[in-house]
Amino acid sequence: MRFPLYLLALLGPLAARPAAAQTTAADPLRPAALPPPAGPLHEFDAERRRLDQRGLLVLGGWAAGNLLVGGIATGQTDGSAHYFHQMNLGWGAVNLALAGAGLLDARRAARAPGAPTNRPGAVRAQLRTENLYLFNAGLDVAYLATGAYFLEKSRNPATDNPNRWRGYGQSLLLQGGFLLLFDGFQFATHHRHGQALYPLLSRVRLGPGAVAVVLPLR
């Protein structure tokens, strides 16, 4: 969840350990460890994790770009541009930390035999992923609204340091806009991938004043 860390990134300018390897003698009476079973559900879960990792790489690339540009430009600009790059620098640090932690968790999960073994479990994991991106998209809209409020506040003659409010507002609009596109794309991609789990819902068609279920003839 991005909200607590993003809140710190917003307010700041304003105010598994690997286990040690052990070698043991093989027990001839103990059966060899079996690899995780292969099947449609495991393939589906592996693809879901791949989509998440691809998204985290995109987020990490965006964060690295913000760190690079913001780190250079913050010391070479003044006025609202200085605060714009300063806020982008903070968001880049937060996003990079989240992307890195997410990739580490994804790699650990890929090595562990924890994929769902039944359809209800796979559906719950899929819906949890989709709902997370929807929740994040709601936060992104809040970031955009906050950025618009900061810009409006910077136009008030009585505002203290209007350049700061303008720069921060522009940064929030940029970051919130990118994240809204990112979370929306991730949700759409996962939702399309998840149609295989609930074929009945994938055959529902909505029309003006009617709901139809399309059934294949063969």
Side-chain angles (χ1 to χ4, degrees), residues 1-6 16-24 26-27 30-67 91-140 175 178-206 213-216 218:
M1 185 182 301
R2 291 193 302 249
F3 181 67
L5 292 178
Y6 280 170
R17 198 168 47 187
Q22 296 180 354
T23 56
T24 56
D27 187 352
R30 179 181 300 173
L34 297 177
L41 288 180
H42 287 80
E43 294 174 2
F44 178 90
D45 187 73
E47 176 65 11
R48 178 174 60 83
R49 296 181 189 278
R50 188 189 70 80
L51 293 175
D52 270 335
Q53 291 181 38
R54 184 187 66 182
L56 289 171
L57 288 174
V58 172
L59 182 63
W62 171 259
N66 278 285
L67 283 174
W91 280 73
V94 172
N95 282 331
L96 189 62
L98 290 175
L103 286 172
L104 289 177
D105 287 341
R107 290 190 177 185
R108 283 197 296 265
R111 290 193 295 265
T117 57
N118 55 73
R119 187 174 294 271
V123 169
R124 284 193 296 270
Q126 177 67 24
L127 292 179
R128 190 182 309 117
T129 299
E130 293 183 17
N131 290 336
L132 177 62
Y133 284 114
L134 279 180
F135 178 77
N136 284 340
L139 292 179
D140 301 335
Q175 302 296 332
F178 168 80
L179 290 172
L180 183 60
L181 291 175
F182 171 80
D183 289 321
F185 178 81
Q186 285 293 100
F187 169 79
T189 303
H190 278 283
H191 185 70
R192 183 169 57 250
H193 172 61
Q195 294 300 313
L197 282 177
Y198 14 86
L200 179 60
L201 293 180
S202 66
R203 296 174 186 147
V204 174
R205 299 292 183 270
L206 300 179
V213 177
V214 179
L215 298 177
R218 60 176 180 175

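Values below: all heavy atoms of this structure, side chains included; hydrogens, waters and symmetry mates excluded. Along the sequence shown, residues carry numbers from 1.
Summarising the geometry, atom CZ belonging to Phe187 is positioned 11.5 Å from atom CG belonging to Leu132; distances are rounded to the nearest 0.5 Å. Rounding to the nearest 0.5 Å gives a distance of 7.5 Å between CD of Gln53 and CZ of Arg107. One finds the CG atom of Asp183 at 4.5 Å from the CG atom of Asp140 (value rounded to the nearest 0.5 Å). Rounding to the nearest 0.5 angstrom, the gap separating the CZ atom in Arg49 from the OG1 atom in Thr129 is 9.0 Å. For the atom pair OH of Tyr133 and CZ of Phe182, the computed distance is 5.0 Å after rounding to the nearest 0.5 Å.
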side-chain hydrogen bond (donor to acceptor under 3.5 Å, both in side chains) between His190 and Glu130: does it pass, once the steps are laid out?
CA-CA 7 Å; His190 278 283; Glu130 293 183 17; over 6 Å; no
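Counted by atom type alone, Asn66 and Gln175 present one or more donor-acceptor pairs between their side chains at under 3.5 Å.
His193 and Phe44 have their aromatic ring centers within a separation under 6.0 angstrom.
Under the 4.5 Å side-chain criterion, counting only non-hydrogen atoms from C-beta, Asp52 is in contact with Gln186. A 4.5 Å side-chain heavy-atom check between Leu127 and Arg124 finds every atom pair outside the cut-off. In this structure, Leu179 and Leu59 have side chains that are in contact, with non-hydrogen atoms separated by less than 4.5 Å.
Every residue two or more places apart in sequence or in another chain that forms a side-chain contact (heavy atoms from CB on, under 4.5 Å) with Ala63 is listed here: Asn95, Leu96. For Arg50, the salt bridge (charged side-chain N to carboxylate O under 4.0 Å, His left out) partners two or more places apart in sequence, or in a different chain, are Glu47.
One finds a salt bridge joining Asp45 and Arg48 here, because a Lys/Arg side-chain nitrogen approaches an Asp/Glu carboxylate oxygen to under 4.0 Å.
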